[in-house]
Number of protein chains: 2
Amino acid sequence: MRNELMSIMARQTATKKQEASNPTVILESFLPYRLNVLASLTSNALAQIYAERFGLSIPAWRVVATLGQYENRTARDIAAHGVMHKSTVSRAVASLEQRGLIARRSNKDDRREELLELTAEGREIYEALAPEALAFEERFVSVLTEEEQKLLVSLVDRLSGHARQLAPEGEVEG
Amino acid sequence: MRNELMSIMARQTATKKQEASNPTVILESFLPYRLNVLASLTSNALAQIYAERFGLSIPAWRVVATLGQYENRTARDIAAHGVMHKSTVSRAVASLEQRGLIARRSNKDDRREELLELTAEGREIYEALAPEALAFEERFVSVLTEEEQKLLVSLVDRLSGHARQLAPEGEVEG
DNA sequence: ATCAACTCGTTGCGCATGCAACCAATATGC
DNA sequence: GCATATTGGTTGCATGCGCAACGAGTTGAT
C-alpha cells in the first residue's frame with residue numbers, strides 16, 4: 001500500500017541509517033509535522049472557497065463560522081477556541097464590521113468585552129458559505145468510513161485537550 | 001466526558017437551533033477547523049523548542065529535519081513534502097546556509113536544482129534537536145495508546161493523500 | 001475609597017509570508 | 001537546430017502576522 005508522501009521523497013531508499021546513539025525523526029510518522037501538513041492542505045483548499053467566492057480571510061471565516069453556530073460570542077472566545085492571536089481576531093472583526101457583516105454591542109455587565117453577532121447580510125453570507133464548507137468536508141473525508149471519521153474526531157479531541165493543557169497558560173492567545 | 005473545547009464556548013447551551021433549510025457548520029466536529037487548531041497547538045509548542053533553543057523558524061526546522069532524515073534533497077522536494085511555498089523554503093535555505101548549517105551543491109545532471117545537505121555543524125544541531133522533538137511528540141501523543149497512535153497516523157496518511165489529489169496541480173507549491 | 005493587578009480589545013512596528021515576475025537551465029514541439 | 005514551454009530557485013512588493021505597549025474597564029486587597 002504505497003503512499004503519497006513516500007513517493008515524493010523516497011527517490012532512492014536513501015533514508016539515513018539509524019545509529020543507536022543518533023535518534024532520527026521520521027517525518028512520515030512524526031505527528032506534529034504530519035498534522036501541520038494535513039492542516040495546510042485542507043486550509044489551502046478551503047480557503048479558496050471563502051477567499052475567492054466571499055472575500056474572507058481565514059480568521060474572518062472563523063469569526064463568521066463561530067457566529068453562525070453560536071448566536072453571539074466575544075472576540076476573546078473566538079480567539080481562544082481557534083487558537084488565534086487576539087490581534088488577529090481583532091483585525092478580522094474590524095474588517096467584518098466595516099463590511100457590515102457583523103455587529104458589536106458592548107456587554108452592559110462588563111463593558112470591556114463586546115458581544116459579536118452576524119448582521120442580516122452576514123447571515124446571508126454564512127448561509128451561502130456553510131453548505132459549501134460542509135460539501136467540501138464531505139469530499140475531503142470521503143476516503144474514510146463513517147466510523148473512521150468519528151474515531152478521528154475523537155482522537156483529535158483528546159489530543160487537542162491534552163495539547164491545551166501542555167501549553168503554558170498565557171502562551172496560546174497572547 | 002466533558003471536553004475542553006466545549007467548555008470554552010458553550011457558556012449556555014446556546015447553539016443555534018437548526019432549521020432544515022439552514023445547514024450549520026458545527027465547528028467542534030468540522031475537521032478542517034479541528035485539524036488546523038490541533039496543528040496550531042502542536043506547532044506553537046514545538047516551535048518554542050527550536051526557536052528559543054536553536055534559533056530556527058518553522059520552515060528552517062523542517063529543512064533541517066528533512067536533511068537529517070534524508071542525506072540530501074532539493075528545496076523543491078522539501079517544499080512539496082511539507083506543503084510550503086517555494087519562496088518560503090528558498091529563504092529558509094538561504095538563512096541556514098548563511099549560518100553554516102547546510103551546504104548546497106548543484107546537481108551536475110540538472111544544473112537548475114541544488115542538492116542540500118547538513119554540514120557537520122548542521123548535523124550537530126540536528127542531533128541535539130531530534131531527541132527533543134521526539135520527546136515532545138511522546139508527551140504529546142501520550143494520551144493515546146500505541147494502537148491509537150498508529151491508527152491516527154494511518155488516517156492522516158489517507159486523508160493527506162486524498163487531499164493532495166483534490167488540490168489542483170499547481171496550487172500547492174506555487 | 002484607593003491602588004495594584006488583571007482582562008478585553010486596539011494598534012504601531014518589524015518580520016515572515018505568498019504572489020508574481022524574473023533568471024537560468026532543461027524539455028518539448030516542429 | 002531553433003523557438004517555446006516548463007521547471008528550480010530567487011527576489012521586490014504588498015499584505016498579514018505576532019509581539020509588546022497601551023487605554024479602558026473590572027476585580028481584589030487593604
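Naming convention: chains lettered A, B, ... in sequence-line order (proteins, then strands); numbering from 1 in each chain. In what follows, every heavy atom counts, from backbone to side chain, and hydrogens, waters and symmetry copies are set aside.
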Do the rings of Tyr70(B) and His81(B) sit parallel, tilted or perpendicular, given the 30° and 60° boundaries?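 Because their plane-to-plane angle is over 60°, the rings of Tyr70(B) and His81(B) count as perpendicular.
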Length of the [atom1]-[atom2] vector between [X] and [N], whole Å:
X	N	atom1	atom2	result
Leu115(A)	dC8(C)	CG	C1'	12 Å
Lys86(B)	dA21(C)	NZ	P	12 Å
Glu97(B)	dG9(D)	CD	P	13 Å
Leu56(B)	dA16(C)	CG	P	13 Å
Glu113(B)	dA25(C)	CD	C1'	11 Å
His85(A)	dA16(C)	NE2	C1'	15 Å
Arg104(A)	dG9(C)	CZ	C1'	8 Å
Ile102(A)	dG9(C)	CD1	C1'	13 Å

Using the C1' atoms of five pairs at each end, what's the angle between the two axes of the helix from dA1(C)-dT30(D) to dC30(C)-dG1(D), to 10 degrees?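 Result, rounded to 10 degrees: 30°.
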Could you run down the sub-3.5 Å N/O contacts of the protein with nucleotides 26-29 of chain C?
residue, atom, partner, partner atom, Å
dT26(C), OP1, Arg111(B), N, 2.9

In terms of the nearest nucleotide of DNA chain D, which residue is placed more toward the 5' end: Ile58(A) or Ala94(B)? Ala94(B)
Where the side chain of Thr74(B) is concerned, which of dG18(D), dC19(C), dG9(D) is the nearest nucleotide? dG9(D)
Nearest-neighbour nucleotide for the Arg76(A) side chain, dG9(C), dC17(D), dT11(D) considered: dG9(C)
N/O (side chain, Ser90(B)) to phosphate O (OP1/OP2, dG8(D)) under 4.0 Å: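 The answer is no; no side-chain N or O of Ser90(B) sits under 4.0 Å from OP1 or OP2.
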Which atom names give the shortest non-hydrogen contact between Ala133(A) and Leu46(A), and what distance separates them? CA-CD2, 4.4 Å
Would you name the heavy atoms of Gly68(A) and Thr24(B) that are closest together and state the gap between them?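 Minimum heavy-atom separation between Gly68(A) and Thr24(B): O-CG2, 4.4 Å.
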Can you confirm whether Leu27(B) sits close enough to Thr66(A) that some side-chain heavy atom of one is under 4.5 Å from a side-chain heavy atom of the other? yes
Validation row: Arg158(A), Leu155(A) side chains within 4.5 angstrom (heavy atoms):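 The answer is yes, as the side chains (C-beta and beyond) meet within the 4.5 Å cut-off.
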Do Glu117(B) and Arg104(B) sit within salt-bridge range, that is, some charged N less than 4.0 Å from a carboxylate O? no
Does a donor on one side chain sit under 3.5 Å from an acceptor on the other, for Asp157(A) and Ser160(A)? no
Name the residue closer to the 5' end of DNA chain C, choosing between Ser57(B) and Val93(A) according to the nucleotide with the nearest heavy atom. Val93(A)
Matching residue for Asn107(B) among Arg112(B), Glu114(B), Glu113(B) - test: side chain to side chain donor-acceptor pair (under 3.5 Å): Glu113(B)
Does Arg91(A) make a side-chain donor-acceptor contact with the base of dG9(C), cut-off 3.5 Å? no
Suppose we screen for salt bridge (Lys or Arg N to Asp or Glu O under 4.0 Å). Which residues come up paired with Arg99(B), at least two apart in sequence or across chains? none
